[in-house]
Amino acid sequence: MTNPELRRQVINIYKELLFLGRNYPLGYEYFRNRLHKAFASQAHLRDDEQIRKGIARADFVKKEIEALYYLKRYRTLKQRYESN
């Protein structure tokens, strides 16, 4: 990767996804291994535009995971308060 700004963005999104993976339902190890494979499969990219598309896709995945966590939290709270 030649562009240091893109490299920094890729590392940051990787770290953010790893942080989100702590609470993944199938376990952190499962999440970490899958995340590593996904990023490693794109390591050959050299074109800045392709790297930006990859970053956008990773950001989308991050938002989807966050949405799943919020939904899980909402359902848990709803279940607790409905039973009262």
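- With rounding to the nearest 0.5 Å, the separation of CG in Asn33 from OH in Tyr28 is 9.5 Å.
- Here the straight-line distance linking atom OH of Tyr69 with atom CG of Leu20 works out to 6.0 Å at 0.5 Å rounding.
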Please determine whether side chain to side chain contact (heavy atoms under 4.5 Å, CB included) holds for the pair Tyr14 and His36, giving the CA-CA distance in whole Å, both sets of side-chain angles, and the decisive distance to 0.1 Å.
CA-CA 9 Å; Tyr14 184 81; His36 181 75; 3.8 Å; yes
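- Between the side chains of Arg34 and Tyr30, at least one donor-acceptor pair of N or O atoms lies under 3.5 Å.
- Minimum heavy-atom separation, Leu17 to Phe31: O-CE2, 3.0 Å.
- Here the CG atom belonging to Leu18 is positioned 13.5 Å from the OH atom belonging to Tyr24, to the nearest 0.5 angstrom.
- Judged as a salt bridge (charged side-chain N to carboxylate O under 4.0 Å, His left out), and not counting sequence neighbours, the contacts of Glu29 are Arg32.
- Listed by chain and residue number, Ile13, Lys62, Lys63 satisfy the side-chain contact (heavy atoms from CB on, under 4.5 Å) test with Asp59 (two or more places apart in sequence, or in another chain).
- Of the residues Asn3, Ile51, Leu45, the one that meets the side-chain contact (heavy atoms from CB on, under 4.5 Å) test with Val10 is Ile51.
- Interatomic distance, Asn23 CG to Arg73 CZ, rounded to the nearest 0.5 Å: 9.0 Å.
- Between the NZ atom in Lys15 and the CG atom in Leu35 there is a gap of 13.0 Å [rounded to 0.5 Å].
- In this structure, CG in Asp47 is found 9.0 Å from CZ in Arg52, a value given to the nearest 0.5 Å.
- When the side chains of ILVMFWY residues are joined at heavy-atom separations under 4.5 Å, either directly or via intervening members, Phe19 and Phe60 end up in two distinct hydrophobic clusters.
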